[in-house]
Amino acid sequence: MNDAVLKADNLQTYIGHHHILQGISFEARADAVTVLIGRNGAGKSTTLKTLMGLLPPSEGVIVYNGMNIQGKRPYEIARMGIGYVPEDMGIFADLTVEENFKVAKLKEDEATAGRLDRILELFGALGKFWHAPAGNLSGGQKQMLAIGRAMVNNISLLLIDEPSKGLAPIIVEALIEAINQIKEECVVVLVEQNFYMASAVGDYFHILDDGRIVHSGRMEALVDDEELKSRYLGISKSKS
Amino acid sequence: MLRREQRKKRYYSIGFVLPCLVLALFVLIPFLGPSYKTLDLALKIIIFASLVASFDIMLGYTGILSFGHGMFFGIGAYCVAFLNGKYGDPTYFHLFLGLLLAVAVACVLALIVSLISLRVKAIFFAMITLALAELTIVLANKLSHFTGGEDGISISLPGIFSAAFSPGSFLGLDISGRVITYYFILLACLGLFALMLRFTHSPLGRVLQAIRDNTDRAEALGYKTFYFQTLSIVLGCTVAAMTGGLYAMWVGYVNPESTLEVMAIMLNVLLMVIIGGMGTLYGGIVGAAFLLITQTFLPDLQKLAIDLFPNASLLHTILERWLLLFGILFILVVIFFPKGVVGSAREFIARARGEAFFSS
């Protein structure tokens with residue numbers, strides 16, 4: 001049985017004249033975290049932007065829950081139940097934490113009832129700053145707000161772009177714990193450079209290099225494969 | 001119970017008390033200083049405050065720059081002038097129809113410009129409005145048989161608004177058509193301001209701020225940003241046209257120079273929004289008051305200096321160039337209030353309340 005929630009096939013994406021994605025194909029399976037990993041400029045963030053419709057691909061097919069979503073606008077994709085946390089977090093700095101959540105919530109119904117409580121359970125620190133301008137939060141709190149905000153609607157797929165970037169190790173630990181809980185509720189596709197975090201939450205991995213997927217498999221296999229880590233991720237045995 | 005407490009707290013807040021005091025001042029101005037100059041200055045502050053607030057809806061709340069706001073102001077003025085001067089007798093119906101026409105024309109034009117420009121990028125809106133505004137001035141001058149050309153159109157107002165109307169006095173104030181027109185325009189601008197406040201404080205206003213902060217992110221959250229930007233533009237331009245119509249009622253005359261001089265009006269509006277503070281709405285009142293009061297009274301300073309210090313010729317020369325003084329004042333405001341007077345005051349209050357002390 002194929003239990004893929006998201007299926008990308010042969011994605012080709014250009015930014016200006018640069019051919020960034022050169023035939024990306026992968027699946028995100030249900031109840032799992034799929035990690036896209038690779039060096040800077042490999043095309044990881046571009047892949048998420050392409051899936052979200054922010055960078056329409058010139059070729060390729062994206063199937064989400066059995067529907068072809070390629071060519072749809074970002075707002076249509078978001079309304080189909082895909083949450084997206086960009087690399088820069090995209091916090092609305094002038095709005096309060098509460099207003100950030102209110103803006104993100106598209107509709108109030110049974111499916112979304114109680115989601116805010118669940119989010120505050122995951123990221124308790126946000127409750128303390130509920131009425132504070134989001135621009136005044138720390139980097140870790142902003143990341144929590146960005147992830148929480150993407151989950152406020154009834155989503156079944158969450159795309160997260162480098163959540164550990166620039167964060168202190170203790171905050172990264174908190175995020176790992178939160179993502180391990182989130183994956184029980186929805187499918188997660190995670191872009192990550194921090195191998196520690198990727199291996200702590202990931203079930204499947206895809207290594208990207210120069211806009212192509214060069215290796216895929218279960219995360220346990222990558223953890224044990226020193227040669228692969230060294231070649232594509234620049235991680236030597238002593239570092240890992 | 002909790003709601004009643006919150007409401008009570010709100011009524012005692014500076015954000016509620018201060019606007020009420022300002023409103024009370026404008027209501028009392030005909031009684032306090034019934035000279036034409038005072039009344040004229042007060043009313044222009046009211047009208048320009050509404051015009052600046054409508055510009056702020058687009059720039060401060062949605063992040064859309066328009067160079068055609070002066071054009072919409074002028075279109076509104078001409079609509080009232082057409083129906084109460086050149087093509088119609090002064091009747092209440094024509095006055096109402098003129099204001100309605102201003103709203104309709106502005107609405108349709110704003111919608112067309114939005115549909116053409118926003119599909120590509122928001123910056124095209126600025127370019128298209130600039131081109132359209134220049135075209136409108138040319139048309140207003142060239143189609144003189146229709147618009148009155150450079151001579152413009154004189155406006156007559158009906159019944160209680162006409163200058164000749166004088167039913168008597170009230171608390172020592174001679175009630176005239178001018179005074180009634182003043183209160184009518186004050187009431188209309190208050191309504192427009194309340195509408196804009198309601199709009200920006202609604203969930204819709206929050207979405208607009210989200211679009212201004214990060215358009216891509218707002219779209220990825222599920223918002224069709226084009227629709228919201230268009231809505232903001234249509235509201236901003238419609239209010240601008242309404243204020244233009246009300247301005248025409250007050251000055252009783254429109255010509256391309258006074259109501260369609262796009263760059264002059266736009267420069268004033270931009271200065272007012274910078275002085276008052278972008279994304280605040282109330283900043284429009286502060287900006288308009290600062291600019292119009294200084295523009296009205298600074299030229300009189302030289303006369304005052306001649307009376308007080310008849311031998312200080314250097315002072316007379318300096319005060320003769322009152323625009324230089326205005327420039328210095330403007331620079332001081334920008335230095336001491338980098339987010340505009342209202343924006344900086346809000347930031348100061350927020351900091352005092354301890355909201356800004358988070359580790360980053």
Side-chain angles (χ1 to χ4, degrees), chain A residues 48-49 51-55 73-108 125 128-142 146 149-150 152-155 159 161 166 168, chain B residues 6 9-10 13 56 59-63 118-119 121 200-230 277-281 283 339-340 342-344 346-360:
Chain A
L48 290 199
K49 283 180 184 166
L51 294 174
M52 203 58 212
L54 291 164
L55 287 172
R73 297 292 307 269
Y75 70 89
E76 292 173 308
I77 293 171
R79 282 165 188 234
M80 292 171 92
I82 299 182
Y84 171 56
V85 182
E87 195 177 351
D88 64 1
M89 296 177 269
I91 294 297
F92 303 126
D94 289 342
L95 301 184
T96 63
V97 171
E98 182 190 20
E99 286 172 333
N100 265 274
F101 278 112
K102 278 187 173 172
V103 163
K105 193 156 198 171
L106 293 173
K107 59 179 178 182
E108 199 87 43
K128 249 168 53 184
F129 305 122
W130 198 239
H131 298 295
N136 291 347
L137 298 177
S138 70
Q141 289 157 355
K142 278 181 187 161
R149 198 178 57 178
V152 80
N153 294 304
N154 185 29
I155 58 164
L159 312 175
D161 199 349
Chain B
Q6 280 176 340
K9 208 173 157 189
R10 212 181 127 216
S13 71
D56 199 20
L59 183 66
Y61 282 88
T62 324
L118 287 182
R119 287 276 177 201
K121 270 217 178 272
T200 52
H201 285 79
S202 68
L204 201 71
R206 269 199 300 270
V207 177
L208 292 181
Q209 288 179 65
I211 292 170
R212 175 200 63 193
D213 281 359
N214 193 331
T215 308
D216 277 354
R217 186 72 201 105
E219 185 152 3
L221 279 176
Y223 291 105
K224 195 174 182 179
T225 52
F226 167 74
Y227 165 79
F228 289 95
Q229 286 171 324
T230 304
M278 259 191 275
T280 61
L281 278 198
K339 289 190 171 176
V342 176
S344 298
R346 275 184 183 171
E347 198 179 61
F348 176 77
I349 292 167
R351 202 170 290 164
R353 283 179 184 161
E355 286 182 5
F357 295 107
F358 298 106
S359 53
S360 56

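Chain naming here is simple, since letters A, B, ... match the order of the sequence lines and numbering starts at 1 in each. These numbers come from a predicted model, not from an experiment.
- Residues passing the side-chain hydrogen bond (donor to acceptor under 3.5 Å, both in side chains) test with A/Asp88: none are found, sequence neighbours excluded.
- Residues B/Arg206 and A/Phe92 form no side-chain contact, since every pair of their non-hydrogen atoms from C-beta on lies 4.5 Å or further apart.
- More than 12 heavy atoms of other shown residues, nucleotides or ligands fall within 6.0 angstrom of atom CE in A/Met89.
- A/Tyr84 places none of its side-chain heavy atoms less than 4.5 Å from the side chain of B/Leu221.
- Looking at A/Ile77, there are no atoms closer than 4.5 Å to chain B (heavy atoms on both sides), in backbone or side chain.
- Enclosure of atom NZ in B/Lys339 is not indicated, since only 12 or fewer non-hydrogen atoms of other residues, nucleotides or ligands lie within 6.0 angstrom.
- Partners of A/Glu98 according to the salt bridge (charged side-chain N to carboxylate O under 4.0 Å, His left out) rule, which considers only residues two or more places apart in sequence or in another chain, are A/Lys102.
- Taken from CG in A/Leu95 to CZ in B/Arg212, the straight-line distance is 7.5 Å, to the nearest 0.5 Å.
- Contacts of A/Lys142 with chain B are absent, with no heavy-atom separation under 4.5 Å from either backbone or side chain.
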Between B/Asp216 and A/Lys49, does the salt bridge (Lys or Arg N to Asp or Glu O under 4.0 Å) criterion hold? Intermediate values first, please. CA-CA 10 Å; B/Asp216 277 354; A/Lys49 283 180 184 166; over 6 Å; no
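- Between the OH atom in B/Tyr227 and the OH atom in A/Tyr75 there is a gap of 12.0 Å [rounded to 0.5 Å].
- Shortest non-hydrogen contact noted between A/Ala150 and B/Arg217 is CB-NH2, 4.5 Å.
- Looking at every heavy atom in both residues, A/Ala78 comes nearest to B/Ala220 through CB-O, 3.1 Å.
- Taking chain A as the reference chain and counting heavy-atom pairs below 4.5 Å, the highest number among B/Asn214, B/Val207, B/Asp213, B/Thr225 is found for B/Asp213.
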